[in-house]
2 protein chains.
Amino acid sequence: MDIKMRSDCPISCSLDIWGDKWSLLIVRDLMFSKQCTYGDFLKSDEKIATNILASRLQMLEMNGLITKQDHPESKAKVLYKLTQKGIDLLPIMIEINLWADKYFTLPAERKEILAEVKKDKEAFIKEKTIELQRHTN
Amino acid sequence: MDIKMRSDCPISCSLDIWGDKWSLLIVRDLMFSKQCTYGDFLKSDEKIATNILASRLQMLEMNGLITKQDHPESKAKVLYKLTQKGIDLLPIMIEINLWADKYFTLPAERKEILAEVKKDKEAFIKEKTIELQRHTN
DNA sequence: TATTTGCACTTGCAAAACGCAAGCAAATTT
DNA sequence: AAATTTGCTTGCGTTTTGCAAGTGCAAATA
């Protein structure tokens, strides 16, 4: 599995890494939970297949968006976390949420979070970024 | 070809529509050029296959992101344009560009546009949105 | 008017990616 | 010691992709 760039366009380069149906859902989970085990990802609503999850985690790690860490309480478990490069996807994730808010019916809990975002987007991003960075070792 | 929603998560719903390697490149072309013919899309650097292009255009049209119009000068040609729903992807596209700017080497011409974006993001979005809306009939 | 060219697709087919289920080794629990 | 949990890997059938060639209609050219 290697990285083939289709062009030097930033959109294209970005899509080459996370332009599929699953990668940003993994990033989403990590933004909500700060850290996830392999099993945590499998539990998400969208029901990703285990082999696809493994390949996406490998892809995201190889491209420096996430890191693997030993679980402090168990050698059987692995912790996945966002790197700074992954945390920096936050503004994109927020804009996707705002777009979806305009054109879909969102679950109530997401609407609440988005209300806070709409109040002061910059502040939300700054705060959330720091919060995520705190969990980065 | 129908729309299967994997969950009610806004990220997931969005990816269900344009979460692939090609859709946002079509949107990108339309944001730069305002309107494109089928052949214009084929000419882009990433060299999309013609059958994939046809299926993506159909998907994007079905989901209301783009519209087909008669070419004013020729019945043989078709014009594709962004709808408001498509234009509203602009903030997402901008954030992707800004992310890529931080982690990739961008072509010089893109850097110039991004410099303008960085000066005043809100203003850029507003201005560009109006510019795109002007081409919407 | 006949013919060639351009344009927007469609079709066929091989290769790759996906999705589901089962399997597996190491760690942990019972 | 046996059973369970965890993080994967493997097999395999289905779907999607990518490449090349083909089709039908409009428009330009001879």
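All values below were derived from every heavy atom in this structure, side-chain atoms included, with hydrogens, water molecules and symmetry-related copies excluded.
At whole-Å resolution of the value, CG in B:L42 and P in C:dC7 are 11 Å apart. Protein atom CG of A:D70 is 11 Å distant from nucleotide atom P of C:dT28, rounded to whole Å. Remark: P of C:dA17 and CG of A:D20 are 12 Å apart, rounded to the nearest angstrom. Nucleotide C:dC20 holds its C1' atom 15 Å from the CG atom of A:L53, rounded to whole Å. Distance, A:K77 NZ to D:dT5 P: 11 Å, rounded to whole Å. Atom P of nucleotide C:dC9 and atom CZ of B:R56 are separated by 15 Å, given to the nearest angstrom. Distance B:M59 CE to D:dT16 C1': 13 Å, rounded to the nearest Å. The interatomic distance linking A:E46 (CD) with C:dG19 (P) rounds to 12 Å, in whole Å.
One hydrophobic cluster, built from ILVMFWY side chains closer than 4.5 Å, holds both A:V27 and A:F32.
Classification of B:K126 and B:E131 as a salt-bridged pair fails, no side-chain N sitting under 4.0 Å from a carboxylate O.
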Stepwise side chain to side chain contact (heavy atoms under 4.5 Å, CB included) check, B:Q35 with B:H71: CA-CA 10 Å; B:Q35 57 189 41; B:H71 191 106; 5.8 Å; no
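With rounding to the nearest 0.5 angstrom, the CG atom of B:D88 is 13.0 Å from the CE atom of B:M93.
No donor-acceptor pair closer than 3.5 Å links the side chain of B:D101 to the backbone N or O of B:L98. Side chain of B:K81 to main chain of B:H135: a donor-acceptor pair is present (N/O by atom type, distance under 3.5 Å, no hydrogens or angles). In this structure, the side chain of A:T37 engages the main chain of A:D40 through a donor-acceptor pair within 3.5 Å.
Within 4.0 Å (heavy atoms only), A:Y80 reaches sugar-phosphate atoms of the nucleic acid but no base atom. Residue A:K68 is in sugar-phosphate contact alone, with no base atom involved, counting any heavy-atom pair closer than 4.0 Å across all strands shown.
Between its two ends, the helix from C:dT1-D:dA30 to C:dT30-D:dA1 turns its axis by 10°, counting five pairs per end and rounding to 10 degrees.
Residue A:K75 qualifies as open at atom NZ: its count of foreign heavy atoms under 6.0 Å is 12 or below.
Cation-pi geometry between A:R56 and A:W18 is not met at under 6.0 angstrom from the ring centre and within 45 degrees of the axis.
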Scoring nucleotides 18-28 of chain D by protein non-hydrogen atoms under 4.0 Å (B base, S sugar-phosphate only, - none) yields BBBB----SS-
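The nucleotide whose nearest atom lies closest to any side-chain atom of B:V78 is, among D:dG7, D:dT17, C:dA8, C:dA8.
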